[in-house]
Amino acid sequence: YTTGLDKNLLGDFLGDPDDFCLHVLEEFARTFDFSEMGIDAALRVFLESFRLPGEAQKISRVLEAFAERYYQQSRGILASKDTVYILSYAVIMLNTDQHNPQVRKKMTEDDFIKNLRNINNGQDLPRVMLSDLYHAIVRNEIRISYDNGIGVAEMTHSRWVDLMRRSRSTTPYITCDSRVLLDHDMFAIISGPSIAAISVVFDHAEDEEVLRACIDGFLAVAKISAVHRLEDVLDDLVVSLCKFTTLLNPTASAEEPVVAFGDDTKARMAAVTVFSIANKFGDFIRTGWRNILDCILRLHKLGLLPARVASDATEDADNASDSLQGRLGEGSVTMAPAPALGTRRRSSGLMSRFSQLLSLESDEPRSAPTEQKLAAHQRTLRTIEACHIDQIFNDSKFLHADSLLQLARALVWAAGRPQKGGSSIEDEDTAVFCLELLIAITLNNRDRIMLLWQGVYEHMAGIVQTTVLPGLLVEKAVFGLLRICQRLLPYKENLAEELLRSLQLILKLDARVADAFCERITQEVMVLVRANAAHIKSPMGWRTVSSLLSITARHPEASEPGFDALSFIMADGVHLTPANYVLCLDAARAFADARVGGNERSIRALDLLSDSVGCLTRWSKATSESVEALGSETLEGAPRYSQELAEMWLRLAQGLKRVCLDQREEVRNHAIMCLQRCLAAAESIPLSATMWAQVFEQ
């Protein structure tokens, strides 16, 4: 208890083999009260009294004294002081292993337990006890503070525990009821004043240690708010921190915002903190997402965001697929206006921002950046990297449903309402970026698509229906919609009809916009059909697909991929069904009538029509066999189905008849040959006498 003793010398003295030193060590150990303490807590209290010597034999003597004292006061499963000694040694080794940065391969829980087999008089200690001990050391290092007795000793956790234990034997005190009864209500009351108080200190403090203490306070408020699910408190905290980032203050250092941010320690600390809260406790953020997105948009406008922010979790799957030019995030197509915007977006990012600072190319000569500016810029870049902004969106699949929905709504809100008269380049850039993020979280949450789909669809519909000229925003909306359908159709059969219905938006595009993107749209539809033909089952879904293909028949660039997609559906009748047969006939006839692609394509379209009769005969034969096997009374719908097949055949014959009147002789003659084959195949299809009369009349 003497102040001023050197802890290093004290440790060496206590570990000395001299008889007198051993006697002192024994008496010293008896001054400790280890009753009702776990072995890790007892070691923390014991080892704070002196510096453990480095020599193995001295460590052994000290631990023997500790083991004897702990065993005297312990009750329960420890069979001997040797058990305590081995366990103590193992704890110190584990502490060094886990918290020494030079140890690369860390000991696992199983390794720790394995090392302590049969130490309790030939028996194993309970695994639960050893597991708890392992995690206690991993979570909380046994830190030994060496104040050498100068001044007031630092109040560590272990010292506090020891002080409380000693106070029990001196004066009585009231033991607090540790059950969580009022914590929620108490914190709800004190959280507001707490945030305000910490904010005042943070605003006025200059000392970095004080600022760090404030940040710890903010994080503690966030953690407790999350534990008690106090969304309003977390939202208020986010608002306060976003103000400290200075990113929402457009008047602050307008000339050099990046350098100013790099020079402002508080702003950088606040930015890292607010994004840490978003990543750790995002489940309980609601309206605060709007403030967080405002900060993200500001960083985006300054060109400071990493390019991966708008990527989605299945990026690799897209790269491996045979998707044709449908990736979001690529530059805009050549017909999109404002090429300067596309160039600026592609060159944005952390490294490009740094190269802009180093670049001296400009219309007006300017001096090279100073070392201070370069250093400030580097600090800004390191801060943005530390924020892990991309993680918010890539990990959105783990967010609670309410928080995810609020994040999606905040993105729609930040994008702004689309305007028919167009908007400024900066506004469009913001809208495009928000749309990319919205698409990313939609694809990341395919298992919860119903939660997001209504809002996402309405936002895209607003863009498509109000745009009258080709542009980057409508491009992202159209191909984002196609991409969502391509990716979700294989997984969401119950949503297939809804997804395909959404593609009808493309049919509502302004003629100028549709013409500009027609070829790429058709290529993406072809990808969708090739990958998902088996998942399109309803007539409505096929009507949407066939309509998209039919309108390409007369387009010079889009007709080829459109016809390829139709051929994929109709060739050999693999994907023809009663649900899409008539729709595909109409689409094929549109290609047969069109002059685009020449006579050769018209003839190939006629062959598709002619070959499709094989499906009708196959379906008719299957129906007849079923009737023979089970009887017509059993198959109630058999007569009606036969009638439908006959009407399909009549529709095919009528389509071929129209092409028989084509002005091109080669096409006309081929159509007559196809019609002849169609009539010859009719004997396999049950046509009524009335229908035969109608056929020969026509």
- Query: Given the rule in the side chain to side chain contact (heavy atoms under 4.5 Å, CB included) test, do Cys295 and Leu248 qualify, once you have shown the distances and angles that lead to the verdict?
  - Reply: CA-CA 6 Å; Cys295 291; Leu248 305 184; 3.9 Å; yes
- Task: Decide yes or no on side chain to side chain contact (heavy atoms under 4.5 Å, CB included) for Leu404 and Arg448, but give the supporting numbers first.
- Result: CA-CA 10 Å; Leu404 177 64; Arg448 299 188 289 179; 3.4 Å; yes
- Should Leu608 and Phe591 be marked as a side chain to side chain contact (heavy atoms under 4.5 Å, CB included) after you check the CA-CA gap, both sets of side-chain angles, and the distance that decides it? CA-CA 10 Å; Leu608 290 177; Phe591 280 99; over 6 Å; no
- Task: I would like to know whether Glu498 and Arg501 meet salt bridge (Lys or Arg N to Asp or Glu O under 4.0 Å); could you show each step before the answer?
- Result: CA-CA 5 Å; Glu498 188 73 27; Arg501 184 182 290 115; 3.4 Å; yes
- Task: Determine, stepwise, if the pair Cys242 / Leu247 fulfils side chain to side chain contact (heavy atoms under 4.5 Å, CB included).
- Result: CA-CA 7 Å; Cys242 286; Leu247 294 171; over 6 Å; no
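The closest donor-acceptor contact from the side chain of His400 to the backbone of Asp402 lies at 3.5 Å or more, if one exists at all. With hydrogens and angles ignored, the 3.5 Å screen pairs a side-chain donor or acceptor of Asn444 with a backbone N or O of Ala440. Judged by distance alone, with hydrogens and angles left aside, the side-chain atoms of Gln486 form a donor-acceptor pair with the main-chain N or O of Glu524 at under 3.5 Å. For Ser538 (side chain) and Gly541 (main-chain N/O), a donor-acceptor pair under 3.5 Å exists by modelled atom type. Listed for the Asp586 side chain is no donor-acceptor partner under 3.5 Å among the backbone atoms of Leu583. The closest donor-acceptor contact from the side chain of Thr430 to the backbone of Glu426 lies under 3.5 Å. Side chain of Ser602 to backbone of Ala592: a donor-acceptor contact under 3.5 angstrom is found. No donor-acceptor distance shorter than 3.5 angstrom exists from the side chain of Thr467 to the backbone of Val464, with no hydrogens or angles considered. Proximity of a side-chain donor or acceptor of Ser610 to a complementary backbone N or O of Asp607 within less than 3.5 Å is not detected. No donor-acceptor pair closer than 3.5 Å links the side chain of Ser620 to the backbone N or O of Leu616.
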Could you pull out all donor-acceptor pairs under 3.5 Å where a side-chain atom in residues 221-230 meets a protein atom, sequence neighbours excluded?
{"from": "Ser225", "atom 1": "OG", "to": "Val221", "atom 2": "O", "distance (Å)": "2.6"}

Can you give me every donor-acceptor pair (side chain of residues 560-575, partner residue at least two apart or in another chain, under 3.5 Å) with its distance?
{"from": "Ser567", "atom 1": "OG", "to": "Phe563", "atom 2": "O", "distance (Å)": "2.9"}

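Within 6.0 Å of NZ in Lys621 there are 12 or fewer heavy atoms belonging to other residues, nucleotides or ligands. The number of heavy-atom neighbours closer than 6.0 Å to CE of Met540, taken from other residues, nucleotides and ligands shown, is above 12.
Heavy-atom minimum distance, Trp542 versus Ala533: CZ2-O, 3.7 Å. Of all heavy-atom pairs spanning Ile439 and Gly480, the tightest one is CD1-CA, 3.6 Å. The shortest non-hydrogen separation linking Ser546 to Ala587 is O-CB, 4.3 Å. Between Ala270 and Leu241, the shortest heavy-atom distance links the atoms CB-O, 3.8 Å. In terms of heavy atoms, Pro578 sits closest to Trp619 at N-CH2, 3.6 Å. In plain terms, the two heavy atoms of Asn279 and Cys387 that are nearest each other are ND2-O, 3.5 Å.
Residues Val233 and Phe284 fail the side-chain proximity criterion, which asks for heavy atoms closer than 4.5 Å. Side-chain contact between Thr522 and Glu557 is absent, with no heavy atoms from C-beta onward closer than 4.5 Å.
Side-chain atoms of Ser424 and Asp427 include a donor-acceptor pair closer than 3.5 Å. A donor atom on one side chain and an acceptor atom on the other are found under 3.5 Å apart for Ser403 and Trp289. Arg298 and Thr245 form no side-chain donor-acceptor contact under 3.5 Å, judged by distance and modelled atom types alone.
Under the salt bridge (Lys or Arg N to Asp or Glu O under 4.0 Å) criterion, Glu519 pairs with no residue at all, not counting sequence neighbours. Under the side-chain hydrogen bond (donor to acceptor under 3.5 Å, both in side chains) criterion, Ser131 pairs with Glu109, sequence neighbours left out. When the ring-ring contact (aromatic ring centres under 6.0 Å, His included) test is applied to His388, no partner is found at least two apart in sequence or on another chain.
Interatomic distance, CD1 of Ile506 versus CD1 of Ile551, reported as 8.5 Å (0.5 Å rounding). Interatomic distance, OG1 of Thr552 versus CD of Gln523, reported as 11.5 Å (0.5 Å rounding). In this structure, Ile484 CD1 and Leu488 CG are separated by 7.0 Å, a value rounded to the nearest 0.5 Å.
Applying the salt bridge (charged side-chain N to carboxylate O under 4.0 Å, His left out) test to residues at least two apart or on different chains, the pairs with a partner in residues 275-297 are Glu231-Arg286.
In this structure, Arg520 satisfies the cation-pi test against Phe479, with its NZ or CZ atom closer than 6.0 Å to the six-membered ring centre and inside 45 degrees of the ring normal.
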